[in-house]
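To start, the structure under review is shown below, and the notes come after it.
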Amino acid sequence: MSATAAPLHAIVGRGPDGGWLIALCSGPARPLEVEHVSDVELAARVRAIEEDCAPRWTVRSLRGFAPRMLAEGIRVRRAHDLLLCHAILRDTIALDPPLASSERWTRLDVVAEPQPGLFDIDGGPERGDGFDEVLAQWQAQIAVLDRARDGRLTLLCAAESAGALIAEEMTAAGLPWSVDVHEGILREQLGPRPQGIGRPRLMAQLAARIGELLDDTTLNPDSPPRLLRALHRAGVFVESTSKWQLSEIDHPVVEPLLEYKRLARLFTANGWTWLDEWVRDGRFRPVYVTGGVVTGRWASSGGGALQIPRQLRRAVRADPGWTLVSADVAQLEPRVLAAMAQDHAMADAARGRDLYEGVVRSGAVGSREEAKYAVLGAMYGATSGESGRLVPRLRTVFPRAMGLVDAAARTGEQGGVVSTLLGRGSPRPGDDWRLVQSQAGNPDAGSAAEARARGSARERGRFTRNFVVQGTAAEWALLWLAEIRHRLMALPTASAPAVASGPVFASRAHLAFFLHDEVIVHAPSEQADAVADALRGAAAAATQRLFPGFAIDVPLDLHVSEDAGEGA
DNA sequence: ACTAAGTGCGCG
DNA sequence: AAAGCGCGCACTTAGT
C-alpha cells in the first residue's frame with residue numbers, strides 16, 4: 001500500500017446541474033491535494049483511490065454519493081457522512097461545547113423519494129456547497145472528535161456512516177421478493193384482484209354481513225364514527241372501534257368485523273397496488289432513513305419497509321442457487337440495559353437464550369409472562385396495570401439497571417437531556433413543553449394546569465427513560481451491521497448464478513434487509529454456513545466493542561432457508 | 001378542491 | 001382509549 005506516501009486527497013467533481021460533489025479522503029495529516037475531475041472521470045478516480053488506500057471518504061451525504069458509486073460498480077469501504085455526524089456532534093452532551101450547529105449542515109426533512117436512482121435529496125451535489133465550506137465542516141468535526149476524551153463519539157460517527165453506506169447498499173441490492181407468492185396470498189385471503197375501484201370479493205362479503213348484523217346495509221366499516229354509531233345502535237357499547245376493544249365484546253358482529261379489519265389492512269397497505277409500486281424485477285427496494293429517529297434508529301420512507309406484516313414474509317424468496325440467512329436478537333434492549341448499567345445480576349439473568357426465564361430464576365417474579373411485563377414496563381415507564389405493579393419488584397433484584405432508567409426518567413421530567421452509551425443526545429424539550437411547566441409554577445395556576453404539567457413531565461420522563469435503552473440498542477445494531485458488512489466483504493465471490501441485485505452484489509453475499517434488531521442476508525447457497533458464522537461473529541464483535549470487558553450474552557436466532565417466512 | 005388532524009394498525 | 005417507548009401509512013373527517 002502506498003497510503004503513507006499519498007497526500008490527503010480531495011476530489012472535487014461537478015454534479016449534473018453544476019453543483020459540487022466532493023469527497024475528501026481522510027487519513028493521517030498530510031498535505032492537501034485537491035483534484036478537480038469531470039463527472040465522467042469521477043467514478044474511475046474513486047475506484048483507483050479506493051483500491052490504492054481505502055480512505056474514509058468524507059461527503060456531505062452518502063445518500064447522494066453512495067448510490068452513484070454503486071451504480072458504477074464501486075464500493076467504498078469506509079466513509080464519513082457530514083450531515084449525519086453534524087446532527088450527532090451538534091446535540092451531544094459528551095462534549096462541551098458541542099459542534100457549532102449550522103443550518104447548512106442540517107438535513108432538510110426530506111420527502112419520500114419515489115424513484116430509486118435519483119440522488120438529488122438532502123442537499124446532495126445540487127445544494128451548491130463550495131469546496132471550502134465542506135472542508136471547513138469536515139475540519140470542525142474532526143477537531144471536535146479529537147477533543148473528545150474517549151473514542152466513543154468517533155466510534156459512533158464511524159458506525160453511523162457505515163450504516164448510511166449499508167442503507168444505500170440494501171436499497172441498491174433490494175430484498176428478493178416473489179410477486180407470485182405475494183399474489184397467491186392476496187388471492188387466498190381477499191379473492192381475485194378487483195377491477196377498477198371496489199373492494200375485493202371477500203372483503204365485500206364481510207362488509208355486507210356486517211351491515212346486516214348491524215341493521216345498516218349502507219354501512220361503511222372503514223368509517224370509524226359511523227361504525228361506532230352503528231355498534232351503539234346495536235347495543236355494543238365500545239368506546240372506540242379499535243380491535244383490542246372489540247375483541248373483548250361478545251357479539252356476532254365482532255368476528256366478521258375483526259376479519260374485515262385484517263383484510264382491509266392487507267388490501268390497503270400491502271395489496272396489489274403496493275406490489276405494482278414497490279416490487280420491480282423481483283426486488284423490494286425500500287428507502288431507509290438512517291438517523292431518522294432521534295434515538296438513532298432508522299426510519300424508512302415509502303413502501304412501509306419497517307412494517308412488512310409477518311404474514312407476508314413468505315414472499316421474501318431467495319433466487320435460484322441462493323439462500324436467505326436471517327438472524328434476529330432475542331430481547332436486545334434489556335440485554336443492552338444490563339450491560340450499559342454494568343448490572344451483573346441482570347447480566348446473569350440474561351445468560352442463555354431467554355432473558356425472561358432468567359428473570360424468573362432470579363426470583364423477582366413468578367412466571368415468564370410476569371417477567372416480560374415487568375421488564376417491558378421498566379424500559380417504557382409503566383405506572384399502572386399489570387406491568388406497573390410488577391416493575392418495583394425489579395428494583396430490588398436489579399438495582400443498577402433500574403437505577404439507570406429511573407435516573408434517565410428523572411432527568412427528562414426536569415427538562416434535562418440524556419445520552420446513549422456512545423454519546424447520542426436526546427433532544428431538548430420544546431418551547432411548548434417548557435411553557436406548560438412554567439405556567440404550572442405560577443401562583444395563580446389552577447389544578448388543571450398543574451395536572452397538565454405533571455402529565456407532560458411524566459410523558460417526557462418516559463421518553464428519556466426509553467431513549468437511553470432504545471438508543472444504545474440502536475448503537476449495538478449499527479456496530480453489528482458494520483461488522484457484518486465487513487465480514488461479508490471478505491467472502492469470495494460466488495460460483496452461483498448472478499442475481500438481479502446490481503453490479504456490486506450480483507455475485508456476492510449481501511445484506512438485503514435490516515429492521516432494528518434483525519437482518520436478512522441474501523447469499524449463494526454454498527456460503528450459508530460462512531454467512532451464519534459471520535452473523536454470529538459480528539454480534540460477538542459488536543458486543544465487545546460496545547461493552548468492553550463486560551460479560552453479556554447477546555444470542556441470535558438464526559435461520560437458513562429459501563424464504564424468510566415464519567419458522568422457516 | 002385541497003390540507004391537516006384524527007383514527008387505527010402494522011413493525012420493532 | 002391501552003396500561004407503557006419509537007416509528008409510517010392509508011383512510012376518513014373537519015376545516016379552509
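Sequence lines set the chain letters: A, B, ... in the order given, protein chains first and strands last, and positions in each chain run from 1.
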Protein proximity profile, nucleotides 1-8 of chain C - base contact B, sugar-phosphate-only contact S, no contact -, cut-off 4.0 Å on heavy atoms: BSSBBBSB

Nucleic acid footprint by protein, nucleotides 10-16 of chain C - heavy-atom cut-off 4.0 Å, B for base, S for sugar-phosphate alone: SSSS---

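Nucleotide dT13(C) has dA4(B) as its partner under the Watson-Crick or G-U criteria, with both atom distances under 3.5 Å.
Distances shown here put every side-chain N or O of Thr241(A) at or beyond 4.0 Å from the OP1 or OP2 atom of dT7(B). Distances shown here put a side-chain N or O of Lys243(A) below 4.0 Å from the OP1 or OP2 atom of dG10(B).
One interatomic measurement links the two molecules: CZ of Phe513(A) to P of dC11(B), which rounds to 11 Å at whole-angstrom precision. To the nearest angstrom, P of dG10(B) lies 9 Å from NZ of Lys261(A). If you take CG of Leu227(A) and P of dG8(B), they are 9 Å apart, rounded to a whole angstrom. Here the C1' atom of nucleotide dC9(B) and the CD atom of Glu259(A) are 15 Å apart, to the nearest Å. Summarising the geometry, the separation between OH on Tyr260(A) and P on dG8(B) is reported as 14 Å, rounded to the nearest angstrom. Between the P atom of dC11(B) and the CG atom of Asp328(A) lies a distance of 14 Å, rounded to the nearest Å.
Contact annotation for Leu332(A): no contact, since no heavy-atom pair falls under 4.0 Å across all strands.
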side-chain hydrogen bond (donor to acceptor under 3.5 Å, both in side chains) evaluation trace for Gln437(A) with Ser456(A): CA-CA 8 Å; Gln437(A) 297 305 314; Ser456(A) 73; 2.8 Å; yes

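Comment: Lys372(A) does not engage Asp354(A) in a salt bridge, judged by the lack of any side-chain N to carboxylate O separation of less than 4.0 angstrom. Salt-bridge formation is detected for the pair Glu160(A)/Arg424(A): a Lys NZ or Arg NE/NH1/NH2 atom is positioned less than 4.0 Å from an Asp or Glu carboxylate oxygen. Using a 4.0 Å cut-off between a side-chain N of Lys or Arg and a carboxylate O of Asp or Glu, Arg229(A) and Asp216(A) do not qualify as a salt bridge. In summary, Arg353(A) and Asp553(A) do not engage in a salt bridge, as defined by a charged side-chain N under 4.0 Å from a carboxylate O.
Rounded to whole Å, the C1' atom of dA3(C) lies 25 Å from the corresponding atom of dA5(B). Straight-line distance between the P atoms of dG6(C) and dA2(C): roughly 15 Å, to the nearest whole Å. Comparing dG4(C) with dG8(C), their P atoms sit 23 Å apart, to the nearest whole Å.
In this structure, Met340(A) CE and Thr420(A) OG1 are separated by 7.0 Å, a value rounded to the nearest 0.5 Å.
Classified by interplanar angle (parallel below 30°, tilted 30° to 60°, perpendicular above 60°), the ring pair Trp480(A)/Trp476(A) is tilted.
The local environment of CZ in Arg458(A) is sparse, with at most 12 non-hydrogen atoms from other residues, nucleotides or ligands closer than 6.0 Å.
Partners of Asp180(A) according to the side chain to side chain donor-acceptor pair (under 3.5 Å) rule, which considers only residues two or more places apart in sequence or in another chain, do not exist here.
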